[in-house]
Amino acid sequence: MPDGTEKETEISGLKKYIESLKSSNGSPVAVRVNGELRELSSLEDVGPQSVVELVIPGSKEGLEIYRHSTSHILAHAVKDMFPDVKLAIGPATEEGFYYDFDKAGPFTPEDLEKIEKRMKELIKKNSPFIRKALPRGGAIDLFRKAGEDYKVQLLEEIPDETVSLYEEDGFVDLCRGPHLSKTGRVKAFKLLSIAGAYWRGDEKNKMLQRIYGTAFYTREELRAYLDFLEEVKKRDHRKLGRELELFSLSDEIGPGLILWHPNGAIIRKTIEDFWRSEHLKADYKILFTPHIAKLKLWQKSGHWDFYRENMYSPMEIDEVAYEAKPMNCPFHIEIYKSALKSYRDLPVRYAELGTVYRYERSGVLHGLLRVRGFTQDDAHIFCREDQIEDEILNILDFTIFILKTFGFDSYDIYLSTRPEKYVGSLENWERATGALKQALEKKGLPYTIDPGEGVFYGPKIDIKIKDVLNRAWQCSTIQVDFNLPERFDTVYRGSDGKEHRPIMIHRALMGSLERFFGILIEHYAGIFPLWLSPVQVSVLTISEKHEEYAKEIYKALKKADIRAEINLENEKVGYKIREATMKKIPYLVILGEKEAAEGKITVRKRNGENIGPFTIDEFIEIIREEVQKKVTSDK
RNA sequence: GCCCAUGUAGCUCAGUCGGCAGAGCACAUCCUUGGUAAGGAUGAGGUCACCGGUUCGAUUCCGGUCAUGGGCUCCA
C-alpha cells in the first residue's frame, strides 16, 4: 500500500482499489510484482500468493517511469516531425530524461519548441501505452524493416528470447518498460537542451544528437526545478568570478590556467594560512617542492606508464628530459628518503600546497572546476601497518573539521575496494580496507561501498560534500598506497633492527584550491563569510566634509589587520551603498555629521540591517571576534 | 578529442539581407555636498576573436584556426 502497510486481497480487490485512486495525485504509476516492475495493466496474469507493491508517484521508481514515458513521447513527436530520424536510446536520468537521435542535420532551438508542442498534442490524445511481447527474432525483423539500426543492434545484444515493445498511438518502441497507463498522465515537462552524445558513450562510435528534458507530476514542481536551474545560473562561479573580480582565464595565457586576481588571491591566501596553521597543529610538516623533475623520476614512479595521457610532453634541459609534475608524491618520497627513518619516527606526515599540471582534454575544461594547472592541498603519510587505522581516524576528524569550517556539514562518503588489476598482496589489501572501514565505523560516518572502484595501488575513501543547493562535489580523498613505497624502495628500521616497508597514505582535503574555490563561490553565492571576504569593511562618507574623520577610521581598521577600503567618491550615500552591496562587502561604516561630532561610527550590515553606533574600538572587537570564530552565516 | 551553439567597448548585449559600428553599466572630467541600493552634464573608449578566400568594398558571405558554453557512464 502507498502508506507502507500491507494488505491481503484478491486481484479484483486490488484493481478496485487502484481504480479508486485514479485521478488523484497518489494514483500508482506501476506495480512491482514479486520484485519485478510491471505496468498497472499487467495485473491480469498475476499468480496466486504474489506480492504486489504499488509504485506511487512520490517514489523514485515512480518518477523514473513517469519520465521514461515522457521520453517515449519525445521520440514519438520527433519521429512524427522528422521521419528520417533513427532512434537510439531514451532513458530517465536523475534530473529528467533524454533521447538520442541519429539525424542528418542538427536540431535547432526552434525545433525544440515545435517538438514540445507536438508532445503536448500527443499527451492531450491520452493514448494508452500498450505492451507487446514478441520473440526477439520477430522484433529484429520489425525494426530492421523500419530502418531502426540502433534498435536492431540493441536487440542483437539482448540475451532474452522474448522482448517487449510499447506502442502508443501508432508509435512503437523497443522498451523494457514499464510505462504509464496513458500519455495523458504526463502533466508537466520541458525540453531543456540539445547536445551531442556518442552512441553508447564511446567516442569511436557515431555522434548522435541528444535532447534533454525533464518532467514532473505538477506544474509547481516543474516550476521549482526551473527556478533551481536559475539559481544555479546565478551562482555560476565563472559569472561571479568576473563580477567580483576574483579570477579570470586569458586566451593569451592558455585554456585551463587560472589567473587569481587580488580579490581571489586574498581569499586563497586566507585559506592557505588557515590550512598551514591547522596542519602544523596536527603534527604535519610543511614542504615545498619544484614544479618540474626529470622524466626518469616519473618513469620510476610509474606515472609515465600509467598516467602519461594526463602529462605534458617532456622538455629538454641540458640534454636531459624533464616533466612538469602531475603529482607531488615522488618529491615527498625523496624527502622521506633523504635521511634514515626509524620506526620511532613514524608516522611521518608531509603536507604541501603543491601546484601540479595535468593535461585535460579541451572539451572538459570548465572554469575553476576543471583546469590544467592547480594546487593540491596534498599530504603523504608514511606509517607502519598497525598505524593505518589511527591515521585514518585522524585524517577523517581533520577533514571534517576543515570542511565544517567552510560551512559544509553534509557528506556522501564512499569506500572503494580492490579492483581487478592491483598491486600489493591480497593480505595487505584486506588489512588496509579493514582499517578504512573500521575508522569510518568508529567515527559513526555512514558510507557506501564502491566495490572494485579502488585505484590499482590501494583502497580509498572519497568524501563528497553537499553545498547549499544540495549538489554533491567530490573534494576529499584518502588513498592507501602499497605501490610507491615499493617502487622507491622506501624503508624504515624496525624495532627488530630490520628494514621494513612503510605504508603510504595520500590525502587531500579540499582537493584542489582552484576547484574548492569555485565550489565555495557557488556555495556562498559570492557572499563570503567575513573571515574570507576580500574586503571586510568599506568606510564611506556622506559628504566631503567628513573625509578627515573617515581617513582616521580607515587607518584604525587597517592597523587592526582588518581588510578595509575607503570610498571618498563624489557620490551620494545611496550610490556608495549600492556599490558596496553589489561587491557583497560585509560591513559598511557610514560617516557623516553626527558620527564625526560624537566620535562614533554607524555600521550597516550586508543584509541592510543597521547596527551601532559604536566606537571604533568596539567595532574592531566585533570584527575580530567574527573573523576569529570564522562565522559562516550573516544571521 | 568529438557534436552543436557562441565570439561586436572593461561588463551585459543591440546591429549591419556586404557600403566609415550602437546602447546601458563601468571609466575620466566638471557641476552638485547630498543620511542608507543608481543626482546631473560632458567625454574618452572597438583590427566587430584570429588567419585566409570571394568582392570595387567583408564585422556581415565562404573556409580554416583559436577560445568559450551545453553535452559525450546513467545500457531497450
Side-chain angles (χ1 to χ4, degrees), chain A residues 64 68 71-72 75 87-100 102-103 105-109 111 134 136 139 143 148 150-158 160 163-166 172-177 179 192-212 233 236 238-239 242-243 245 248-256 309 359-367 540-547 568-583 588-595 602-606 608-610:
Chain A
E64 245 179 68
H68 187 188
S71 103
H72 268 240
L87 303 175
I89 56 165
T93 64
E94 294 271 311
E95 311 269 286
F97 62 85
Y98 65 78
Y99 212 109
D100 286 346
D102 185 359
K103 176 174 175 290
F107 285 110
T108 64
D111 287 339
L134 216 65
R136 198 166 63 103
F143 282 108
E148 295 287 3
Y150 298 95
K151 299 292 175 189
V152 171
Q153 201 178 321
L154 289 168
L155 277 164
E156 278 167 350
E157 290 166 30
I158 293 175
D160 311 345
V163 299
S164 57
L165 307 185
Y166 280 79
V172 182
D173 197 0
L174 172 70
C175 184
R176 184 161 46 195
H179 274 287
L192 296 171
S193 59
I194 310 156
Y198 297 104
W199 166 236
R200 311 204 125 177
D202 187 337
E203 63 189 36
K204 288 189 206 87
N205 289 336
K206 185 162 185 193
M207 177 69 71
L208 307 175
Q209 292 190 64
R210 176 170 297 182
I211 295 181
Y212 278 96
K233 232 186 201 167
D236 191 316
R238 294 164 300 187
K239 178 172 165 280
R242 197 169 38 238
E243 286 171 6
E245 297 180 65
S248 69
L249 289 121
S250 157
D251 279 16
E252 302 285 320
I253 310 285
E309 45 182 57
Y359 173 72
E360 296 282 357
R361 302 210 288 177
S362 60
V364 305
L365 298 174
H366 182 89
L540 47 94
T541 50
I542 286 173
S543 88
E544 275 173 9
K545 287 179 230 155
H546 320 109
E547 267 192 38
L568 300 175
E569 276 179 322
N570 180 12
E571 290 292 350
K572 293 188 179 182
V573 230
Y575 186 85
K576 294 186 187 180
I577 288 176
R578 178 165 201 272
E579 275 186 311
T581 307
M582 298 215 302
K583 287 198 254 174
L588 305 184
V589 169
I590 300 173
L591 302 175
E593 209 48 54
K594 206 171 62 190
E595 289 77 11
T602 302
V603 177
R604 181 191 154 108
K605 291 170 72 170
R606 183 152 57 175
E609 188 190 339
N610 273 295

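The model shown is predicted, which means the values in this text are computed figures rather than measured ones.
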Give me the distance, rounded to whole Å, that separates A21(B) from G45(B) when you measure between the C1' atoms they each carry. 13 Å
Could you tell me whether Tyr166(A) contacts a base, only the sugar-phosphate backbone, or nothing, with contacts defined as non-hydrogen atoms closer than 4.0 Å? nothing
OP1 or OP2 of C74(B) under 4.0 Å from side-chain N/O of Tyr99(A): no
Tell me the interatomic distance from Leu208(A), atom CG, to U73(B), atom P, rounded to whole angstroms. 12 Å
Using a 6.0 Å cut-off, check whether atom CD of Glu309(A) has over 12 heavy atoms from anything other than its own residue. no
With a cut-off of less than 4.0 Å, is there a side-chain N or O of Arg176(A) near OP1 or OP2 of C75(B)? no
Within this structure, what is the CG-to-C1' distance between Leu540(A) and G34(B), rounded to whole angstrom? 13 Å
Whole-Å distance separating the CD atom of Glu360(A) from the C1' atom of G71(B): 16 Å
If the C1' atom of U36(B) is compared with that of C30(B), how far apart are they to the nearest Å? 27 Å
Duplex segments of RNA chain B, taken as runs of at least three Watson-Crick or G-U pairs that stay under 3.5 Å: B:1-7 with B:66-72, B:10-13 with B:22-25, B:27-31 with B:39-43, B:49-53 with B:61-65
Name the nucleic acid region contacted by Arg210(A), choosing base, sugar-phosphate or nothing; use a 4.0 angstrom heavy-atom cut-off, strictly under. sugar-phosphate
Along RNA chain B (nearest heavy atom to each residue), the more 5'-positioned of Lys545(A) and Gly256(A): Lys545(A)
How would you label the contact of Lys151(A) with the nucleic acid (heavy atoms, under 4.0 Å): base, sugar-phosphate, or nothing? sugar-phosphate
Of Phe107(A) and Ile194(A), whose nearest nucleotide on RNA chain B comes first from the 5' end? Phe107(A)
Distance, P atom - from U59(B) to G22(B), rounded to whole angstrom: 15 Å
Nearest whole angstrom, please: distance from the P of G34(B) to the NZ of Lys576(A). 12 Å
Taking atom types as they are modelled, would you say the side chain of Tyr98(A) forms a donor-acceptor pair with the base of G71(B) within the 3.5 Å cutoff? no
Categorize Asp160(A) for me: base, sugar-phosphate, or nothing, with a 4.0 angstrom heavy-atom threshold over every strand shown. base
Roughly how far apart are Ile211(A) CD1 and Phe97(A) CZ, rounded to 0.5 Å? 9.0 Å
In whole angstrom, what separates Leu249(A)'s CG from C11(B)'s P? 13 Å
For a quick check of understanding: with a heavy-atom distance under 4.0 Å over all strands, which category does Glu593(A) fall into, base, sugar-phosphate or nothing? base
Just N and O in the side chain of Ser362(A): are any of them under 4.0 Å from OP1 or OP2 of G1(B)? yes
From CD of Glu569(A) over to C1' of A28(B), roughly how many Å is that when rounded to an integer? 12 Å
Its contact letters, B for base, S for sugar-phosphate only and - for none at protein heavy atoms under 4.0 Å, make nucleotides 36-43 of chain B read BBBB----
N/O (side chain, His366(A)) to phosphate O (OP1/OP2, G71(B)) under 4.0 Å: no
Checking Asn610(A) now: which residues fulfil side chain to side chain donor-acceptor pair (under 3.5 Å) with it, not counting sequence neighbours? none
Evaluate whether atom CD of Glu157(A) has more than 12 neighbouring non-hydrogen atoms of other residues, nucleotides or ligands under 6.0 angstrom away. yes
By the 4.0 Å heavy-atom rule, please label Ala195(A) as base, sugar-phosphate, or nothing. base
note: Leu365(A), atom CG; G70(B), atom C1'; distance rounded to Å ~ 14 Å
Just call it for Gly367(A): base, sugar-phosphate, or nothing, with non-hydrogen atoms closer than 4.0 Å on any strand. sugar-phosphate
Tyr166(A) and His72(A) aromatic ring geometry - parallel, tilted or perpendicular at 30°/60° bounds: perpendicular
